[in-house]
Amino acid sequence: MRARVIALGQPSAGDDGVGVAVLAALRARALPPDVELSHLSDATALVSLLDSQVPIILVDAVLACPAGQVVELGPDELASSEPLRMSSHGLGISEAIGLARALSDGGDVAPVRIVAITINRPERYGHGLSDEALAAVPVAAARVLSLLETDHA
Amino acid sequence: MSNTTRTIQVDYLARVEGEGSLTIRLDGDKATEVQLSIFEPPRFFEAFLRGRSFMEAPDITSRICGICPVAYLMSSCHALEDALGVHVGGSLRALRRLLYCGEWIESHALHVFLLHAPDFLGYPDAMSMAKQHGSWVKRGLRLKKAGNSLVALLGGREIHPVNVRVGGFYRAPTKSELGALLPELRWGLGAAAEALEWVATFDFPTFERDVEFVALQHPDEYPFCEGRLVSSRGLDIDVRDYDAHFVEEQAPYSSALRSRMVHAGGDRGTYLCGPLARFNLDFDQLLPEVQELARRVGLTPPCRNPFRMILVRLVEVAQAFADAIRIVESYVRPEASFVAAPVRAGTGFSVTEAPRGLLYNRFAFDDSGTILDAKIVPPTSQNQLSIEDDLLELAPLLASLPLAEATHRAEQAVRNYDPCISCATHFLTLKVERT
């Protein structure tokens, strides 16, 4: 397998589901061969996937202003740029990567890049994205494709 | 003996689900005050259920918690079915039991390996523990994943399952879909047994407290959704009589209600529900091979040391895997995925055994199925006073320890209960006031 693209987030929590929308946009495009698309509701499952050495692109929402921007992060940048985790339980992305490093021989885990869409804090449960998040979905999908095609993942 | 007074103050409890803090005021070796303060904002689920259709109640209440949504689904369904006079039996009943097995496995595994084991081994967190005990952390994550797989298959997804409804399920799995899980379930049973032997080597503080244990009890099985409410001091009631024996109160320092037992109008005091209560009251209903696993590590009822709850959780993980294997092996797909539930006005009651303990639901609705009133009492509310009582009795030990060690021991005592306040984060901060 060449790479994994993994969406995180909850579609029933409004813009927190933006990663899933990016995944849907990617499925409608021609992807490079041997790329797996999947959705994880719990970042804890990342720990075993990081052990496989297959490069991973994570797609998720991050709380930041202004909303609707697409940002690309390395895992070590995540803690400083994401002031509050969006998941409801289990490990967050930073914790999952940290735990995978602690469990691996020599701290060696799969390369990870994060493509995130900035969002405002969701105020209620509900399906559907805000206008800013919707507009950012194709931009984020294009960024993911660019990473896949240049093997930067 | 020192006349020093000091305060153990923990502003933010870590490795628990939710937001809470702890204050213990010591005068010499006696605790003059213990406050487990929950400052998680109240979320008013009971209020906004009013006016909704009863069919929405399972999906709404499952959002109360991301760790134990199945418990809320089961409790709400059973309470609604009680009001409607609906009985769910046969394969549908077995599927509900299997779904609950999945939740117990994932919840207990997460707690044992990532939240509580670090306390016993002297690590601040699972990440530090993973460097020396990586194989156990990996095993714990794989156990959790096995539980997640059961919930995902039966519930439609791992978090906030969507396949559960009044009367059963929206879709029942095929025999082959369930059968595909068997290899991992069998691995899980063996792994749980090995983990039990490992955790049995931990150093457990010597501590016992005489407390009334309360749990569901069923004549034929280790309890999940059905049975009578019993206690170690003679309580034996139908779940419909819960409100006559348990009352909720609010402490000024906590946003969460907490529960006491009452009897004949008088205060009967605190009680304890959850794994230790189930183990002590329902040991004979554990599957024989699981009883043997417990005996092998010297764990038999009555066990009154709350620090050994981590062992009991692993016994329950083994029980859940063994039960799941039996259900999958004997499963016959039902012709209908749910039992029809004609609407009628009524009030229904249920108690089910969430991973952390008793979860009580009461619903009243009119003849259109519109909810008029709802009451939901989660296990952590019910155990709050017991946690404080443990800390009161631990006071002489805490007073004798240096501050950092006292803080650790106090937090470990809180984590014995795996409290679900909702959304685990950062740790306790201890403040000492010496006078």
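Below, all heavy atoms of this structure are taken into account, side chains as well, without hydrogens, waters or symmetry copies. Here is how names work: the chains are called A, B, and so on, in the same order as the sequence lines, proteins then strands, and each is numbered from 1.
Separation of atoms CG (A:L103) and CE (B:M127) is listed at 9.5 Å; rounding is to 0.5 Å. The distance from atom CG of A:L46 to atom CG of B:L141, rounded to the nearest 0.5 Å, is 11.5 Å.
No part of B:R142 comes within reach of chain A, as not one of its non-hydrogen atoms sits under 4.5 angstrom from that chain.
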Evaluate A:T44 against B:N148 for side chain to side chain contact (heavy atoms under 4.5 Å, CB included), listing each step before the verdict. CA-CA 11 Å; A:T44 310; B:N148 285 134; over 6 Å; no
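Contact record, B:A130 with A:L99: CB-CD1, 3.7 Å, taken as the closest heavy-atom pair.
Heavy atoms from other residues, nucleotides or ligands lying under 6.0 Å from CD of B:Q132 number 12 at most.
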